[in-house]
Peer 1: 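Quick one: the structure is below, questions incoming.
Values reported hereafter were calculated over all heavy atoms of this structure, with side chains retained and with hydrogens, waters and symmetry mates removed.
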Amino acid sequence: MSDIRPLYLNGRFVDPGGKPIEVVNPSTGGICGRVATVDRAGVRRAIDDAWKAFDGWRGRTAMERGQFLRKIADALEARVDEIARTITTENGKPLPQSRGELGMTIDHLRWFAEEGRRAYGRVVPNQAPGKRHLVIRTPVGPVGAIAPWNFPLVLAIRKAAPALAAGCPVLLKPASATPLCAVAFAEAVHEAGLPEGVFQLVAGSAREIAAEMTENPRCRKITFTGSTEVGRELMAAGAPFIKKLSLELGGQAPLLVFEDADLDAAVAGTLIAKFRNTGQSCVAANRVYVQEGIHDAFVERLVEKAAALPVGDGFTEGVEIGPLIDKAGLDAALAHIEQAVAGGATVRCGGKRWTGPNGEGANGFFLEPTVLTGVPAGARCLTEETFAPVAPVVPFATEAEAISLANDTEFGLAAYVFTRDVGRVWRLGERLEAGSIGINDAVPATSNCPFGGAKQSGLGRELGSEGLDAFLETKHLSFAGID
Ligand code: NAP
C-alpha cells in the first residue's frame with residue numbers, strides 16, 4: 001500500500017499522480033510523510049466542482065451550514081492528540097502548543113458556525129418618494145485559500161470556517177512544509193458529511209495553483225496568509241482580473257515596556273510574545289523597546305528566563321523552544337544575529353545553533369533562545385522580520401520616542417504595550433500603526449475580534465464579524481413604485 005497521503009477532491013480522497021511532497025520533520029531533518037499533489041489542470045477541475053457545489057451550498061440555511069461546521073469541530077476534537085502529534089511532527093512546535101493550535105481551530109469553527117447566522121443586511125429609509133431600499137449580503141463564490149506553515153492548521157481554518165459559513169466553497173492549499181494536518185482536516189470534513197465539492201484540498205506547485213486560482217473567473221476570491229513578498233506577487237497577478245484578495249502578510253511587531261509597567265508581567269508577556277512558536281509567528285514581538293529607567297532590570301530578568309527555556313524536540317516533555325522550520329530559516333536568523341553583533345550588539349544569552357548536550361539536535365534546525373542588547377539602529381533584526389527566537393532589546397526615553405520607533409517600519413500587524421497608565425493606553429491605541437494591539441496582553445488574537453494588518457502587513461481582516469464579511473458581497477436592492 002502506498003504511504004502517500006491523498007488530497008481531497010470533489011468528496012473523494014485521491015492521489016492525482018503528481019510528484020509527492022516529501023515532508024521533513026524539522027527536529028530530525030528526516031522525512032516524516034509524503035503527500036499527493038495535483039497539477040494546474042486538476043486545480044481547474046476542482047474549481048469547476050466547487051462551482052457546481054456553490055448553488056447547493058449557498059442554498060442551505062446558515063443554520064444547516066453551521067451544523068456542518070460543528071460536526072467538523074467535533075470530528076477534530078475526537079482526534080486532538082493524534083492531530084496535535086501530526087502538527088508537532090511536521091512543524092516542530094512543542095506538543096502543548098500544537099494542542100493549543102487545535103483548540104483555537106475548533107473554537108474558530110464553532111464561533112463561525114454561529115456567526116454565519118448573522119450575515120445581516122439592512123433596510124435603508126428612502127430619499128425619493130415611492131422608493132424603498134434593501135441591502136443584502138450574499139456569498140462571493142468559490143474561494144482559494146493559501147495557508148502558511150507556521151500555524152498550519154489554525155490559519156487555514158481562519159479562512160475556511162468563515163468562507164464555508166458564508167456559503168462559499170473552499171479550495172485549501174496548505175504550505176508544502178506542513179500539508180499533513182490539512183489531510184487530517186479533510187478527513188474531519190469528510191466525516192462531517194459536507195456535500196462533494198464544498199471543501200477540497202489541493203497541494204502542489206504554489207505558482208501553478210495560485211495562477212489557476214487567480215486567472216479562473218469561477219474562483220471568485222483568494223485569501224492568502226504568508227510573506228509580504230508573495231502577497232505583492234498575488235496582487236500584481238490578480239490586477240488584470242481585479243481578483244478579490246484578502247492578504248495576511250508579514251509582521252515586525254514592536255513591544256513597548258514603560259517604567260510604570262508591572263515588570264514581572266512585562267517579562268512574562270515578552271517571553272510569550274517573543275518565544276511562543278519558537279518566534280515563528282507573524283505577530284511575534286520582533287523588537288523590544290524598554291524605557292531607560294527599567295531597561296537594565298528588565299534585561300536581567302528577561303535573560304535569566306529566556307536562557308532557561310528548554311530547547312529540543314517538540315515531543316520531549318517540558319520543551320518550550322522547538323526547531324525552526326528549515327535550514328534556510330535557521331541560517332537567516334543566525335545572519336541577523338551575526339550582523340547585529342558585527343555592528344556592536346552584545347549577545348546576552350543564546351546566539352548559536354543548538355545541537356543538544358548529546359548531539360540529539362545535530363540534524364535539526366534549532367537555535368538557542370537569544371537576547372541582544374546594544375543593537376545598532378538599522379540592524380536587520382530591528383528592520384526585518386526575524387521569525388526566530390531572537391529578542392533585540394533597545395532603550396527609549398519618552399513616549400513620543402517609543403511611538404516613533406514602533407511605527408518606523410513598513411509593517412503594521414501587531415504591537416504590544418506594557419503600562420498601567422490609562423491615558424497612555426488610549427494615546428498608544430490610537431497612534432500605533434498596527435491591526436492588533438496587546439495591552440499587557442501577549443496573545444490578543446481571539447475568534448470574536450478582527451485580526452489583520454495595517455500598512456504592508458495586509459489587506460482585510462480575519463476573525464470577528466469582519467472575518468465573515470470578507471466572504472460576502474454587499475448588494476443594494478432598490479424598489480420603485482411603492483406609493
Ligand atoms: P510564504 O513563503 O509566503 O508561503 C505561504 C504560502 O504561500 C504557502 O502555502 C506557499 O506555498 C505559498 N506560496 C509560495 N510562493 C507562492 C507564490 N508565488 N504564489 C502563491 N502562493 C505562494 O510564507 P511562509 O514562509 O510560509 O510564512 C511565513 C510568512 O507568513 C511570514 O512573513 C509571516 O509573517 C507570514 N504570516 C502572516 C500571518 C498573518 O496573519 N498576517 C500569519 C502567519 C504568517 P509553498 O509552501 O508550496 O511554497
Side-chain angles (χ1 to χ4, degrees), residues 23-29 32 84-102 104 148-155 175 177-178 181 225-227 250-253 255 268-288 302 305-337 349-356 360-372 381 384-392 413-414 416 442-443 445:
V23 186
V24 173
N25 176 336
S27 282
T28 64
C32 61
R85 294 181 76 80
T86 301
I87 295 178
T88 291
T89 304
E90 63 182 344
N91 169 283
K93 71 181 71 182
L95 195 54
Q97 294 185 28
S98 296
R99 283 205 194 93
E101 180 168 345
L102 261 163
M104 198 166 198
W149 49 263
N150 61 336
F151 289 93
L153 191 57
V154 76
L155 296 182
T178 52
C181 61
T225 297
S227 57
Q252 225 277 49
L255 184 150
T270 306
L271 280 174
I272 296 169
K274 174 66 258 183
F275 295 105
R276 184 175 70 109
N277 217 45
T278 312
Q280 300 172 114
S281 165
C282 52
V283 292
N286 209 65
R287 309 165 277 150
V288 181
L302 182 68
K305 302 266 188 205
L309 290 172
V311 184
D313 187 295
F315 287 108
T316 306
E317 183 87 20
V319 154
E320 298 210 31
I321 302 287
L324 295 172
I325 191 68
D326 54 21
K327 174 95 171 35
L330 175 63
D331 289 346
L334 286 168
H336 277 205
I337 295 170
C349 67
K352 298 188 305 296
R353 184 171 186 169
W354 181 93
T355 51
E360 62 271 32
N363 295 321
F365 313 116
F366 298 93
L367 180 68
E368 296 171 344
T370 300
V371 177
L372 303 172
C381 62
E384 298 175 17
E385 192 179 25
T386 304
F387 236 55
V390 180
L413 190 59
Y416 303 88
V443 192

Peer 1: Between Asn286 (side chain only) and Cys381 (backbone N and O only), is there a donor and an acceptor less than 3.5 Å apart?
Peer 2: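 Yes; judged by distance alone, with no hydrogens or angles, the pair exists.
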Peer 1: Are the side chains of Val371 and Val288 in contact, using a 4.5 Å heavy-atom criterion?
Peer 2: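 Result no, sub-4.5 Å side-chain heavy-atom pair not found.
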Peer 1: If I take atom CD from residue Gln97 and atom CD1 from residue Ile321, how far apart are they, to the nearest 0.5 angstrom?
Peer 2: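 Answer for the CD-CD1 pair, Gln97 versus Ile321, is 7.5 Å.
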Peer 1: Could you check whether any side-chain heavy atom of Leu255 comes within less than 4.5 Å of a side-chain heavy atom of Lys274, counting everything from C-beta outward?
Peer 2: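 A side-chain contact is absent here, since even the closest heavy-atom pair is not under 4.5 Å.
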Peer 1: Are the side chain of Asn91 and the backbone N or O of Thr178 linked by a donor-acceptor pair below 3.5 Å?
Peer 2: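 Answer holds: no.
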Peer 1: Rounded to the nearest 0.5 Å, how far does CD of Gln252 lie from CG of Leu413?
Peer 2: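 Interatomic distance, Leu413 CG to Gln252 CD, rounded to 0.5 Å: 11.0 Å.
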Peer 1: So which atom in Cys349 and which in Ala306 form the shortest heavy-atom distance, rounded to 0.1 Å?
Peer 2: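 Heavy-atom minimum between the residues: SG-CB, 4.1 Å.
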Peer 1: Looking at every non-hydrogen atom in both residues, tell me the closest pair between Pro310 and Gly318 and how far apart they are.
Peer 2: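 Heavy-atom minimum between the residues: CG-O, 3.3 Å.
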Peer 1: Please check this pair: side chain of Lys93 against backbone of Arg276, looking for a donor-acceptor N/O pair closer than 3.5 Å.
Peer 2: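 Side chain of Lys93 to backbone of Arg276, a donor-acceptor pair under 3.5 Å: no, none is there.
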Peer 1: Walk me through whether Asn150 and Leu155 qualify under side-chain contact (heavy atoms from CB on, under 4.5 Å).
Peer 2: CA-CA 9 Å; Asn150 61 336; Leu155 296 182; 3.6 Å; yes
Peer 1: CD1/Ile325 to CG/Leu330 distance, rounded to the nearest 0.5 angstrom?
Peer 2: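 Nearest 0.5 Å value for the CD1-CG distance: 12.0 Å.
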Peer 1: Using side-chain heavy atoms (C-beta onward) and a distance below 4.5 Å, is Gln280 in contact with Phe151?
Peer 2: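 Gln280 does not reach Phe151 side chain to side chain.
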Peer 1: Please examine the side chains of Thr278 and Phe366, heavy atoms only from C-beta on, and report whether any two atoms are closer than 4.5 Å.
Peer 2: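 The answer is no, as the side chains (C-beta and beyond) never meet within the 4.5 Å cut-off.
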Peer 1: Tell me the closest heavy-atom pair linking Cys181 and Pro152, and the distance in Å.
Peer 2: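 In terms of heavy atoms, the two residues are closest at SG-CB, 3.6 Å.
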Peer 1: Within the side chain of Glu385, is there an N or O that forms a donor-acceptor pair under 3.5 Å with the backbone of Gly251?
Peer 2: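 Indeed, once roles are kept as given, a pair shorter than 3.5 Å links the two residues.
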Peer 1: Considering non-hydrogen atoms only, spot the tightest contact between Ala253 and Val283 and give its length.
Peer 2: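 Closest approach of Ala253 to Val283: CB-O, 3.9 Å.
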Peer 1: Give the minimum heavy-atom separation between Leu102 and Ala84, together with the two atoms involved.
Peer 2: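 Result for this residue pair: CD1-N, 3.4 Å.
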Peer 1: Just wondering, do Leu95 and Arg99 contact through their side chains at under 4.5 Å, heavy atoms?
Peer 2: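 Yes, at least one pair of side-chain atoms sits under 4.5 Å.
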Peer 1: Could you tell me if the side chain of Arg85 sits less than 4.5 Å from the side chain of Phe315, heavy atoms only?
Peer 2: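 Yes, their side chains come closer than 4.5 Å.
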Peer 1: Measuring from atom CZ of Phe387 to atom OG of Ser281, what distance do you get when rounded to the nearest 0.5 angstrom?
Peer 2: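 The distance works out to 6.5 Å.
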Peer 1: Picking from Val311, Leu324, Asn277, Thr370, what satisfies side chain to side chain contact (heavy atoms under 4.5 Å, CB included) with Pro389?
Peer 2: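 The single option meeting the side chain to side chain contact (heavy atoms under 4.5 Å, CB included) with Pro389 is Leu324.
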Peer 1: How close do Phe275 and Pro369 get, heavy atom to heavy atom, and via which atoms?
Peer 2: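 Heavy atoms of Phe275 and Pro369 come nearest at CE2-CB, 3.8 Å.
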Peer 1: Using a 3.5 Å distance criterion without hydrogens, assess whether the side chain of Glu101 forms a donor-acceptor pair with backbone atoms of Val154.
Peer 2: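 Yes: the side chain of Glu101 pairs with the backbone of Val154.
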Peer 1: In the structure I gave you, are the side-chain heavy atoms of Leu153 and Thr86 within less than 4.5 Å of one another anywhere?
Peer 2: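 When only atoms from C-beta onward are counted, Thr86 and Leu153 do not touch, as no gap falls below 4.5 Å.
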Peer 1: Considering only heavy atoms from C-beta outward, does the side chain of Val319 approach that of Asp313 to under 4.5 Å?
Peer 2: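 Contact flag for Val319/Asp313 side chains = no.
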Peer 1: Atom CG of Asp331 and atom CZ of Arg353: how far apart are they, to the nearest 0.5 Å?
Peer 2: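 Asp331 CG to Arg353 CZ: 7.5 Å, rounded to 0.5 Å.
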